[in-house]
S.K.: 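Structure provided below as structure tokens; questions to follow.
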Amino acid sequence: WFNTNYHYIVPELDENINFKLNSSKIIKEYNEAKKIGITPKINIIGPLTFLGLSKNKLGENCYSYFEKIIPIYKELLIELSKLDDNIYIQFDEPIFVKDTNKLELDLLKDAYDLLSSVSKKIKIIVTTYFEHSNEATQILSKTNIWGIGLDFIYGMKNIEALKNLNSKKLIAGIVDGRNIWINDINKTIKLLNEIEKIIPKSDIIISTSCSLLHVPYTVKNEKESNINNYLSFAYEKVNEVVIISKLFNNENLSSEETKFLEKRADLLIEKENSTEINDILVQKRLKNIIKIEREGNFEERINIQKNILKLPILPTTTIGSFPQTAEIRQLRKDFKNKEISIEEYETGIKEYIDYCISFQEEIGLDILVHGEPERNDMVEYFGEQLKGFHFTSNGWVQSYGSRCVKPPIIYGDISRPKPMTLKWILYAQSKTNKIVKGMLTGPVTILNWSFIRNDMPRYEISKQIALAISDEIKDLQDAGIKIIQVDEAAFKEGYPVRKENIREYERWAVENFKLSISPANKETQIHTHMCYSEFSEIIKTIEKMDADVLTIETARSGNELLKIFNQVGYKNELGPGVYDIHSPRVPCVDEFYNQIKNLEKIFHIEKLWINPDCGLKTRKWEEVKAALSNMVQAVKMIRKN
Ligand code: GLN
Ligand code: ZN
């Protein structure tokens, strides 16, 4: 969902689609709220965002179904107008924070001209978030909608389009709906005063910057911690909105609210000066970075590496994790709850690694992994060992459907007190003569999957993480590890929504990745892995990251992506996943054989790696065993011919 870690199912529409209204859920929920004495604002996705994010058979947007869908929205409004004398309906149209075009803006005008004329009882609000939507604001102010919702946290530029608002209400998003820090209320009031210079106070309604879906529920249930006082989750944010609104409108505050405000001012000062947050050593180190990238160019490095690694053609490997069995999860849980000793825990982990190593040797994989049994999650595992990270006890946010994640909170300067992965990688390496790949998560992914501090730019936080990861790479290398993989699964997720900001993101994201791998000698082979297949436009950027080997997901999208890699002349080595690990299906040897033969036709065989398209942690052992041994057998057949 835009640049968040929330995911949605893309509606796939074709020309035969016929929309039909089913308003029962909305009406039922409205009535439920009324029953307990609340008159709610109804919130629905707007027609433009719905069609703009849907895809037709060719993978394009579905604006051509506009005429089909608009009557349904109209019908809905007619039904809703029967509910009450005054109904507030918010249409979310976040698509307009992206780069827009004339067609979209014309349709926007048509849609809201029409919808705002349905009933006098209905007050329509159109809302965007995560960026400014000035092009849309200009259009919307010429329609008869009642209000416009804008984000003043991530879309400060929204202020520029306010002068044309034409006495519409402004729902001003001034409490951050995407991050978890307490609001600096004085600063917010100043911002509101600026806005008030452009539009009258009576037209301003105070709000969060977006839906509260993206933050956890409440701080109340958190375990004791020094940073709890600085946190504000959904429940607390609503409270902030109320207080800010009262303050702004010069309403009387209760004595409790006055106390709250006084304490808030103290807390903000305390937070700024906290020694937990500021680490002089990290700040110094950041200022004195000398080595920003590794030595040697790809051609030079790969020749040296080939001599050392002596790999056969089409080397085989996996992306890192092996099945997270119920036993292994129980083992971690028992250890965390202090129900077993560290010795018992470590014995369990070692046994699992032993099992992974002997399985991989048995089927004949070339580059082995330890299997990641000690990791709960690819970001949490590292965050837990880095200084500057906080872990909540109940800070869950929805990531997709009923799935939730518990993002770490980066609150202070980041450093690595001691090695994070060395012990387990070395243990795995001691069990085999084959090469075991070290396995790390990269600085951009750790950043993108965390709540981050709001007193430092993203690139700088990511740079601190990069330095911590670079320390780990140095240690792994010094200990004799020859291949290290730095996962950047969420590199694409952090892309800015507006094109004008993409170059800058790419610049620092690539720079920080390169900084993280900078200690690697020419001899050390660096792999990186990225999930998803939608990166045809950014291949050149990925090439700049300069990993020796890149493993990607292509299995589900056919070989189209690989063709593009070839067309743009991608020069480094590449492991286009040969099967989809997101499904339990086990491809047979023939299928692997044919798939690899196809790959050879598209990409230089001497640069190809053969691997699954992502980590295997969600699969069952029986599936993994069958699939990987078929994969290796197919490669062996090809090598023979
Ligand atoms: N190394 C990780 C694993 O195999 C990568 C996970 C991912 O790409 N999402 O689980
Ligand atoms: Zn992946």
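When a ligand or atom number is given, it counts from 1 through the structure's own listing order.
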S.K.: Would Ala489 count as a polar contact of ligand 1, with the cut-off being nitrogen or oxygen pairs under 3.5 Å?
M.R.: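 No - when backbone and side-chain N and O of Ala489 are compared with those of ligand 1, no distance drops under 3.5 Å.
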
S.K.: Within ligand 1, which atoms have a heavy atom of Gly320 less than 4.0 Å away?
M.R.: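 Checking each atom against Gly320, I get 4 (O).
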
S.K.: For the residue pair Asn5 and Glu493, what are the closest heavy atoms and their distance?
M.R.: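 Minimum heavy-atom contact is OD1-OE1, 3.2 Å.
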
S.K.: What N/O/S atom of His529 is the closest to the Zn ion (ligand 2)?
M.R.: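 When I compare the N, O and S atoms of His529, NE2 is nearest to the Zn ion (ligand 2).
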
S.K.: If you measure only the distance, is there a donor-acceptor pair under 3.5 Å linking the side chains of Glu299 and Asn303?
M.R.: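 No pair is found: no donor N or O on one side chain lies under 3.5 Å from an acceptor on the other.
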
S.K.: Does Lys514 come within less than 4.0 Å of Glu511, counting only side-chain N to carboxylate O?
M.R.: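 The answer is no: the pair does not qualify as a salt bridge.
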
S.K.: Would a distance-only check, ignoring hydrogens and angles, find a side-chain to backbone donor-acceptor pair under 3.5 Å from Gln464 to Ile414?
M.R.: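 Checked: pair present.
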
S.K.: Identify the closest protein heavy atom to atom 1 (N) of ligand 1: which residue and atom is it, and at what distance?
M.R.: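 Minimum-distance protein heavy atom for atom 1 (N) of ligand 1 reads Asp487 OD2, 2.6 Å.
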
S.K.: Run the numbers for me: atoms of ligand 1, each under 4.0 Å from some heavy atom of Cys531, listed by number.
M.R.: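 Listed by number with element: 7 (C), 8 (O), 9 (N).
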
S.K.: If we set the cut-off at 4.0 Å for heavy atoms, which region of His529 has an atom near ligand 1: side chain, backbone, both, or neither?
M.R.: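 The answer is the side chain.
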
S.K.: Under 3.5 Å, is there a donor-acceptor pair between the Lys617 and Gln324 side chains?
M.R.: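 Judged by distance alone, the side chains do not pair up.
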
S.K.: Using a strict 4.0 Å threshold on nitrogen-to-oxygen distance, state whether Glu343 and Lys350 make a salt bridge.
M.R.: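 No salt bridge links Glu343 with Lys350.
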
S.K.: Show me which atoms of ligand 1 lie under 4.0 Å from any heavy atom of Cys614.
M.R.: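 Contacts of ligand 1 toward Cys614, numbered from 1: 7 (C), 8 (O), 9 (N).
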
S.K.: At under 4.0 Å between heavy atoms, which part of Ser321 makes contact with ligand 1: side chain, backbone, both or neither?
M.R.: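 Both the backbone and the side chain of Ser321 come within reach of ligand 1.
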
S.K.: I'd like to check which ligand 1 atoms, numbered from 1 as shown, lie under 4.0 Å from a non-hydrogen atom of Met439.
M.R.: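 Answer, ordered by atom number: 1 (N).
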
S.K.: How far is atom 6 (C) of ligand 1 from its nearest protein heavy atom, and which residue and atom is that?
M.R.: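 The protein heavy atom lying closest is Met378 SD, 3.5 Å.
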
S.K.: Please could you name the atoms of ligand 1 that Gly615 approaches to less than 4.0 Å, counting only its heavy atoms?
M.R.: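 So the answer, numbered in order with elements, is 3 (C), 4 (O), 10 (O).
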
S.K.: Check this for me: does any side-chain nitrogen of one of Asp548 and Lys522 sit under 4.0 Å from a carboxylate oxygen of the other?
M.R.: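 A salt bridge is absent here (no side-chain N lies under 4.0 Å from a carboxylate O).
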
S.K.: Could you check, using the six-membered ring where one of them is a Trp, whether Phe359 and Trp621 have ring centers closer than 6.0 angstrom?
M.R.: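 So the answer is yes for these two rings.
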
